[in-house]
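Working notes, structure below.
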Amino acid sequence: HEVRQRWRTLGPSRAVDDPEYGVLLRELLDERARRREMALQAVEASLEEIGPIARQLGVSLGLENRYFILEIPALDEVDRLTRACPPGTAFYWHDTGHAQVLANLGVTPHEAWLDRYRDVTLGCHLHDVTDLDDHQPPGQGSVDFAWVLRQVPATALKVVEVAPRFDAERLAHGLDHLRRAASGLA
């Protein structure tokens, strides 16, 4: 994507204020808007089909925020998609890396996701981000895990989702970072 390439060329501190970056981002968001309704209708149709089966089986569905700008759901689309299922079946699933990348790109503030969907959050993927590189061990990047862990419900599932390129030592440091964040020490 040209947007990501331009962002990486400029760096995080300059990209959001760069006029060329702004034009590229606006073009991508406009393209997304053109595709939005057809994509949402397709997902709604799938959820209308599997939602009743999930409910009958006692399975909860988590609708995860996405990494790429063109993917759904965006912040304002989760409500619509959860309504395609029987009540109490579909919920929001928070991915810390995806939310942080979208924030870094200047699309949606990370906090907006949990501010809006805190009460319907089924679970979260916990991983860190450096610039646009996600799936890093917690504590390696810019995600504020103390804040995230205060926002998600105590009953939410918490899954550490780290890329396999990281060794056991870095993963252990990441788990220690999460423990400190959960206890308010990070």
Which heavy-atom pair separates [X] from [Y] by the least distance, and what is that distance?
| X | Y | answer |
| --- | --- | --- |
| Val162 | Pro138 | CG2-CD, 4.2 Å |
| Pro86 | Gly51 | CD-C, 3.6 Å |
| Thr89 | Cys85 | CB-CB, 4.1 Å |
| Asn104 | Leu132 | CB-CD2, 4.2 Å |
| Thr96 | Phe145 | OG1-CE2, 4.0 Å |
| Ala181 | Leu149 | CB-CD1, 4.1 Å |

Spatial distance of atom [atom1] ([X]) from atom [atom2] ([Y]) [nearest 0.5 Å]:
| X | Y | atom1 | atom2 | value |
| --- | --- | --- | --- | --- |
| Leu63 | Arg80 | CG | CZ | 13.0 Å |
| Leu28 | Ile69 | CG | CD1 | 4.5 Å |
| His177 | Arg170 | NE2 | CZ | 13.5 Å |
| Glu111 | Asp144 | CD | CG | 8.0 Å |
| Leu105 | Tyr67 | CG | OH | 7.5 Å |
| Thr121 | Leu157 | OG1 | CG | 11.0 Å |

Verify side chain to side chain contact (heavy atoms under 4.5 Å, CB included) between His98 and Asp134, making sure each step is shown before the conclusion. CA-CA 7 Å; His98 299 172; Asp134 67 344; 3.4 Å; yes
Quick one: does any side-chain atom of [X] pair with a main-chain N or O of [Y] as donor and acceptor, under 3.5 Å?
| X | Y | result |
| --- | --- | --- |
| Arg55 | Pro87 | yes |
| Ser142 | Val129 | yes |
| Thr82 | Phe91 | no |
| Tyr92 | Leu114 | no |
| Glu77 | Ala74 | yes |
| Asp128 | Gln136 | no |

Ion pair check, Asp176 and Arg179, cut-off under 4.0 Å: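 Salt bridge between Asp176 and Arg179, a charged N being under 4.0 Å from a carboxylate O: yes.
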Thinking salt bridges, do Asp30 and Arg26 make one under a 4.0 Å N-O criterion?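 Counted as a salt bridge, because a side-chain N and a carboxylate O are separated by less than 4.0 Å.
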Give the C-alpha distance, both sets of side-chain angles, the deciding distance and a yes or no for side chain to side chain contact (heavy atoms under 4.5 Å, CB included) between Leu102 and Trp113. CA-CA 11 Å; Leu102 290 176; Trp113 294 94; 4.1 Å; yes
Checking side-chain hydrogen bond (donor to acceptor under 3.5 Å, both in side chains) between Asp95 and each of Arg66, Gln100, His135, His125, which is the one that passes?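 The passing option is His125.
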Taking side-chain hydrogen bond (donor to acceptor under 3.5 Å, both in side chains) as the criterion, tell me which of Glu64, Lys158, Gln151, His110 meets it with His94.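 Testing His94 for a side-chain hydrogen bond (donor to acceptor under 3.5 Å, both in side chains) against Glu64, Lys158, Gln151, His110 leaves exactly one candidate, His110.
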Worked verdict on Arg83 versus Leu47 for side chain to side chain contact (heavy atoms under 4.5 Å, CB included): CA-CA 9 Å; Arg83 285 192 305 269; Leu47 289 170; over 6 Å; no
Do Asp79 and Arg116 pass the side chain to side chain contact (heavy atoms under 4.5 Å, CB included) test, and can you show the C-alpha distance, the side-chain angles, and the key distance before you say yes or no? CA-CA 10 Å; Asp79 288 325; Arg116 184 160 180 175; 3.2 Å; yes
